[in-house]
Every structure is written in structure tokens, then in C-alpha cells.
Engineer: 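What follows is a structure written as C-alpha cells; I'll ask about it next.
Just so it is clear: chains get the letters A, B, ... in the order the sequence lines come, proteins before strands, and each one is counted from 1.
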Amino acid sequence: MGEKIPLERIDANRWRIPMRYNDDMHVPGMIYADDELIESIVNDNALQQVVNVATLPGIVGHSLGMPDIHWGYGFPVGGVAATDAETGVISPGGIGFDINCGVRLLATDLLYDQVKGKVSELADQLYNTLPSGVGTDGMRILSADEMRDVMVHGAQWAVDAGYGLAEDLEVTEENGCLEGADPSTVSKHALERGRKQLGSLGSGNHFCEVQVVDHIYDQEVANVLGIGRKGQVVTTLHCGSRGIGHQVAEEFINLAESKQKEYGFELVDKQLACLPINSVDGQAYLGAMRCAANFAWANRQLLMHGVRQSFANIFGRKARPKDLPLVYDVCHNIAKMEEYEVDGQLRKLCVHRKGATRSFPAGHPAIPEKYRAVGQPVLIPGDMGRYSFMLVGDHGSMEQTFGSCCHGAGRRLSRTAAKKAIGNKELLELLEKRGITVRVHSKNLLSEESPQAYKDAQQVVNVVHNAGLAKLVVRLKPVVVVKG
DNA sequence: ATGTCC
């Protein structure tokens, strides 16, 4: 303990933690970062967590850290770990507490010039339409039977209930629904928590932002995605499964912890507690995780409907729902069964992505047909004061990172440190000065999400671009921020 | 992230 973790430089963007560091490691670690980002990573406990994850039973390839990596529960946020789907384990801590936390981006027909006179009105409208804050009820209260339908059918349920359009599902990862969701594995308490929260933003780093396309890296790809005009207004939603994801995670972390001895696991950190994928317990977690994931997709579908209503209310016929097409929806806290070549052999793997986005390259069958020639859209929100990015998956992700890349800027300061660094009032003034209109439910939480609490998202996306995991398409600047 | 402690 306390010993410096060795990092072997591979190239400008990659660093390896060799297996010789620790006898318990089954695979080496691999960190994606440039010279500057690696400094902040080394000063965090995240590297030790990459080492810990490398000791998981059945892990293959590398224990991976993306450039936005930072300390998390057991597994780092910004981490990817693949285990053998037949003989390996699944660890609830490797998915995280906010199951299927994710991001979706809607395009509009509007240019910033058409919107700038109504920014304040739009901010109010969005804030009043999208329920936000800790413990708030959602746009729709469900019966227990409806809740079960949401858990099984995901975003499709929302479309059938009148929220959004059928074509939205085509541009949602997994079409907004994972197969194998099993409501019988979700506790009554978890179901009860979710029942009241469908269509709610939540708190913390969750948000709705109106943004403007401010730089185009790849005009051709941007055109295919429908975001190819400089000055074009788009809207990004970032949120997850609210209370149900948290409850499912907590219950299965406790279950896994209580069964480590029974399954014969002796893990270096109890927060890595895991279950054999091929066990009743492992399958139960997967069934419940998928229920929470499907809830999250329905949740984002309802919120998006609220965004479309808000724009229509303010801009009338210039912003009808069909004029605000969903570009794409990605999840970044999830485990998926996917096939990859490992040492020349095609293997079925359980890919844990915790604060990591799927980034399938052009040609992959899981990509919607209209985007297949350019790659899967990858949405990378930055911080509320600077910028966010849209990328598309690149081929290197299949060879290096089990089809994955980063998910955001990555936290640089703890919530406590962030609060010390800047006051809420000062931060609000700073954002307004930059032309960003903010509506926040709980003003005393704003400092925790200040731009300086995060790494520079530009640096983070440059690394995944240069490493061949995803390709830069456009940069977006925030004009309206609505938060819990 | 989270009914920020059942």
C-alpha cells in the first residue's frame, strides 16, 4: 500500500499498468490519457481501482481507464471491464448506482439568431416542464402494472403512451429496451421508488442543456447526423434511472457482498463484490439491471417529449415535435453481452461500462441504418460552462476497448473541494457573463458542478479521437442550463 | 448518482 503504481508509456495517449505490479492481477491495466490528464489521474485513487478491477475472476483483455477516469464505488468511473460471459462474473459496482445513466441529443431547425431573443422564456419553460431536484416526482405517476410494463418495454412503452415518435426508437441505443428484463427480480421497494419518478431529471450532474453548434470537425458526418449547420440549436438531456436504479444497485451490492464466501471469491476490495454470470444470483441482477435500464430509456423519452413541448410553446410552428428529431441516445452505466475477438478467438463477453460510452465503428450492425456508414453517434457532455461534443465510434474501439470510449469530462475536484473553490452566487454570475442562462432547482448544489470541478472535455475527447476510439464531429456551446 | 442515514 502507498507504493507508486508503475505506468509504462505506450504512446502519446496510452499508459499500461503491468501485471508484475500485483500478483493478483489477471490482466494488465490500460489508461487512455495525454501528458496533462495522466497527472490528475495519478493524483486520484482511480489507478488503484484499475488494478483492483484487473483481479476480477474471468476478466479478459485489459482493465481499462478512459481519459475521464476518476474514483468511484469499487470500480472507477470512466472504466471498462470485460468478463467471460460463460465463466466470468458480473459486479454491480462495475455498472454503478445510476443504472443506464445516459445522454440524448435532439436537433432543431432553429439557428441561434432565431432563439437568442427568447432564451430566458425558453429556460423558464424547460425548467417548469421538466421536474428536477432530489426526490421529486416525475411527469407521470404509474400504477404497479404500468411500472412493470415500463421495466419490460422501456422507451417503447413511452411511445405507446403518447410520448415521442416511433422513429425515436431507431436512434436509441438498443432501441430503448434491453431484452431479458425480469420484473420479478426487482424488489417491491425499488418498484415503488420508480413508480413516481418517470419523466424526472433528478439532481447532481443531470441536466437539460440548450446548446449551439459552434465548431464542426467533420462536415460530412455532421450532415448525416443532422447537426451540420454552424449556429444550429440542439438540446441535450443527461439523466438516468433515478431511485429504481439506485435501489437495485444497493440491494444487489448487498446480496453480492453477503455471498462472496459462498461463491469462493476473495476480492481485494469488498466493493468489487461480484456474482457468477451463470448463477441464479447473477441472472437475477442482470434481470433487475435491465429493468432499471429500460426505465431510464422511458424516462429520457418522457423528458424529451417535454423538451419538444417546450420548444413548440415558445417557437410555435417553427418547432413542431417532428422538427426536433432525436439524433441519438447513449447509455454510459451498463453491462452488455457482446462478442469480441480475444487472442484470435471470438468470445462472448460481459462488458461492464461504468461512465463509459459504447462507440461502435462504421459498419457495425447495431448502428441504425441511416448512420451505419459513419459510425455510432457518441455524445460527450462536458461541463456547463464550456462545451460538449458529438463524436462517432471509430475502429480502434473494437480492437482496444471492447467498443467503448469516454463518457464526459470527468470529475477533477470532489464535491466538497468544488464547493470550496467557488460560491454559488459567484458561479451564477460567471455563467451569465458567458451568456449562459441557468435555472437550477437547488442553488446550493450548483458549485459542486462548476466548470472547474471538471477536467477540460476538449482534452478528454482529443485523447479518444487520437487513440482511434471515436472521431470528433461537432463541438457544442451551452446557452441554457436546467438542473436539479 | 441517491427519499445525500432505516
Engineer: Using a strict threshold of under 4.0 Å (side-chain N to carboxylate O), is an ion pair present between A:Glu448 and A:Lys420?
Structural biologist: no

Engineer: So what does A:Gly240 touch, heavy atoms closer than 4.0 Å: a base, only the sugar-phosphate, or nothing?
Structural biologist: nothing

Engineer: Can you measure A:Gln247 atom CD to B:dT2 atom P for me and round it to whole angstrom units?
Structural biologist: 13 Å

Engineer: Kindly write out the residues that satisfy salt bridge (Lys or Arg N to Asp or Glu O under 4.0 Å) with A:Lys270, not counting sequence neighbours, or none if the list is empty.
Structural biologist: A:Glu257

Engineer: For A:Ile99 and B:dT2, what is the distance between atoms CD1 and C1' respectively, to the nearest whole Å?
Structural biologist: 12 Å

Engineer: If I take atom CD in residue A:Glu448 and atom C1' in nucleotide B:dT4, what distance separates them, rounded to the nearest angstrom?
Structural biologist: 9 Å

Engineer: Distance check needed: B:dC5 P versus A:Phe97 CZ, whole Å only.
Structural biologist: 12 Å

Engineer: Categorize A:Gln197 for me: base, sugar-phosphate, or nothing, with a 4.0 angstrom heavy-atom threshold over every strand shown.
Structural biologist: sugar-phosphate

Engineer: Please work out if A:Arg415 contacts a base, only the sugar-phosphate, or nothing of the nucleic acid, heavy-atom cut-off 4.0 Å.
Structural biologist: sugar-phosphate

Engineer: Who are the salt bridge (Lys or Arg N to Asp or Glu O under 4.0 Å) partners of A:Glu429, not counting sequence neighbours?
Structural biologist: A:Lys425

Engineer: For the residue pair A:Val440 and A:Leu445, establish whether any side-chain heavy-atom pair is separated by less than 4.5 Å.
Structural biologist: no

Engineer: Provide, to the nearest angstrom, the distance between the CG atom belonging to A:Asn254 and the P atom belonging to B:dT2.
Structural biologist: 19 Å

Engineer: According to side chain to side chain donor-acceptor pair (under 3.5 Å), does anything in residues 60-70 of chain A pair up with another residue at least two apart or in another chain? List the pairs.
Structural biologist: A:Asp68-A:His407

Engineer: How close or far is atom P of B:dT4 from atom NE2 of A:His246, stated in whole angstroms?
Structural biologist: 9 Å

Engineer: Return the set of residues passing salt bridge (Lys or Arg N to Asp or Glu O under 4.0 Å) with A:Arg104 (not counting sequence neighbours), or none when no residue passes.
Structural biologist: A:Asp329

Engineer: Starting from C1' on B:dT2, measure out to CG on A:Leu445 and report it in whole angstrom.
Structural biologist: 12 Å

Engineer: So A:His189, base contact, sugar-phosphate only, or nothing? Heavy-atom distance under 4.0 Å.
Structural biologist: base

Engineer: Need one value for A:Ser241: base, sugar-phosphate or nothing, where a base atom within 4.0 Å counts as base even if backbone is also close, heavy atoms only.
Structural biologist: nothing

Engineer: Using the salt bridge (Lys or Arg N to Asp or Glu O under 4.0 Å) criterion, which residues pair with A:Glu432? Sequence neighbours excluded.
Structural biologist: none

Engineer: Please list, by residue number, the residues of residues 378-391 of chain A whose heavy atoms come closer than 4.0 Å to an atom of DNA chain B; answer none if no residue qualifies.
Structural biologist: none

Engineer: In this structure, how many angstroms lie between the P atom of B:dC6 and the CD atom of A:Glu251, rounded?
Structural biologist: 12 Å

Engineer: Start at the 5' end of DNA chain B and walk down; is the nucleotide closest to A:Val134 or to A:Glu449 reached first?
Structural biologist: A:Glu449

